[in-house]
Amino acid sequence: MKQINLFRVATWCAVALTVVFILCPLALVFLQSFNPQLTLIPKSFTLKWYTMQAGGLGPALRTTVLVSVPAVLIGLAVSLPLGYAMARCEFRGKEFIRQLILLPIVIPGVVLGLAYLQLVNSTALRDVHPIPILIAAHTIIVIPYAARSIIAGYERLDRALEEASATLGGRPALTFWRVTLPSLMPAVFAGGLLGFSRSVNDFVITLFLIQPGAIPLSVQVYQTTQYGIPQLTSAVGTVLLICSLLFTIIAEYVLRVEVQ
Amino acid sequence: MSSGKRVAWLCLAPFLVIYGLLIFLPTAGVILKSFLSTKSLQFELLHLDQLRLSQFTLSNYIRLFNDSYYLVATYNTVLIAGVATIVSVVIGCLIAYYLACPGGDSRGLLRWTVSIPIYLPGVLASYALFLFLSTNGPVSFVADMVTGRSLSLVRTRFAVIIGTIYIILPMFIRTAYAGFRTISYNLVEASYTLGGKEFFTFRKVVLPLALPSIVAGSLISFAYAMSLVVVVMILGSGGATFTTIPLEIMQETQGMQHNIPMAAAMSVLLLVISLVMQYVAERFLQGRLGGKEENG
């Protein structure tokens, strides 16, 4: 009997510890962002950290949107034909390509960051605005997630629908627009959301490529730590936190995606 | 058939071009750089005239594996990633099994909580823990009440280990959970019927069956933990008291005395470890599943 209890107790301890360990620091960031003074328990409430110029919340939000939205769209545009080829065509080296798609997840961010820094610094890319360069780098972050979701979507798709459309005289383009794409939409949306989340969250690769005036949110959190005002960093962090919680809710409850 | 193949390659073309230009070309540049001695940020693959002038050398790797500075950095990296992985595997297995057992579907809050860090930026997680563990945080507050002295745990290896666990534990739980889910619960019940106690059943029936997933999950977590730089940047001491390989890569690229070939050699080390771990992990997962069905 004693052993049963010990195992139960260990499990309960692990569960309680983990929930506290994950949630408490985040709650602290949220609380501190509204705290006028540096105290553990806020005595009054302020929004001044959110509007402070030094926090750079507005420009950082703008950069994040300017980088991540195009990166997701390009990533999806590349992944749609890729998904079609992987799910519907037979060719040599398919398994190899399936592994290849995952490379950006496997290669450490710091390695890719260094690689991009080296490439950008010694070629004509040096004079290009940082935003297009960030978009290119973030496209690479998005593709594995978008592609995996879309390939799975294609594999689940009922081919009979497309065949019916073709039999009824629908041209391939019409069939794709009216039949295939609408049924693929959940997979496209799930892949895009995951990719968007990874793009917004990326820190290391972005850090190698940023220039003043084009700093996205995740890096801005780090930049504000240099001022030594925890509440300011917490305010920028809380905006990111709310985005992350939204992603979690949509992904886990609305779409029920499976992430690795 | 040949036209079908043409369509396939046409569909693959954008993907192959993007990966070629943005993965293979830059990575090849780093690998090449690690064998050169020119310290500047040149991309030799596109400047072949400079490549002709530069000398090939193994000195970066020799330094990496002999210089005590880099050996200590490697030791720190392996220590932090190793301890974080072991703690995550022990706690993660308990939680994943708890979630995977019948009735686990109703454990929504726990499921949701352990999913949060997967969607959370590493920089935010690290900073949240920084607040949590620093002098103004609750840990210090409790220490102050008990001992009368405030307590700062940040800028230590301990803090970096905690931060690493925060990020890899949820990743590990996902993989282990997928492994536990494939086990038929009938086997567990059979063990109970035959008098097996709960822990005995877990150890003798559940763990052996889920072992490939657990091993694969720990390998991937370990490789990921080794290359994590954001945690060290925020919870570490900025290289003042201890440094790690990924932090060194960052620092070699900054400041006046940057040494890109050395950063490249360390990157190749991390790259090789990550690729090997991923390959072995994949082997473990496929060996158990006997194919490519429901992976992940």
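In what follows, chains carry the letters A, B, and so on, assigned in the order in which the sequence lines appear, proteins first and then strands, with residues in each chain numbered from 1.
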Item to check | Part of A:R92 within contact of chain B (heavy atom distance under 4.5 Å) | outcome: backbone
Item to check | Student check: side-chain heavy atoms of B:F199 and A:T11 closer than 4.5 Å | outcome: no
Item to check | Student check: side-chain heavy atoms of B:F43 and A:N121 closer than 4.5 Å | outcome: no
Checklist entry - Any side-chain heavy atom of A:Y84 within less than 4.5 Å of one from B:V7? => result yes
Checklist entry - Is a side-chain N or O of B:Y19 found less than 3.5 angstrom from the main chain of A:I101, in a donor-acceptor match? => result yes
Next on the checklist: I'd like to check the salt bridge (Lys or Arg N to Asp or Glu O under 4.0 Å) partners of A:R156; sequence neighbours left out, ordered by chain and number.
Outcome noted: none
Checklist outcome for this item: In terms of heavy-atom contacts, B:V123 and A:S218 come closest through CG1-O, 3.4 Å
Checklist entry - Is any side-chain heavy atom of B:P121 closer than 4.5 Å to a side-chain heavy atom of A:V221? => result no
Next on the checklist: What part of B:L120 gets within 4.5 angstrom of chain A, counting heavy atoms only: side chain, backbone, both, or neither?
Outcome noted: both
Checklist entry - What part of A:S197 gets closer than 4.5 Å to chain B, counting heavy atoms only: side chain, backbone, both or neither? => result side chain
Item to check | Distance, nearest 0.5 Å, that separates CD1 of A:I105 from OG of B:S274 | outcome: 12.5 Å
Checklist entry - Is any side-chain heavy atom of B:F15 less than 4.5 Å from a side-chain heavy atom of A:S79? => result no
Checklist entry - Quick one: are B:L129 and A:F21 in side-chain contact, heavy atoms under 4.5 Å? => result yes
Item to check | Parallel, tilted or perpendicular: rings of A:F7 and B:F202 (30°, 60°) | outcome: tilted
Item to check | Donor-acceptor contact below 3.5 Å, side chain B:Y98 vs main chain A:V15 | outcome: no
Item to check | Short side-chain to backbone donor-acceptor contact, A:N201 and B:Y119, under 3.5 Å | outcome: yes
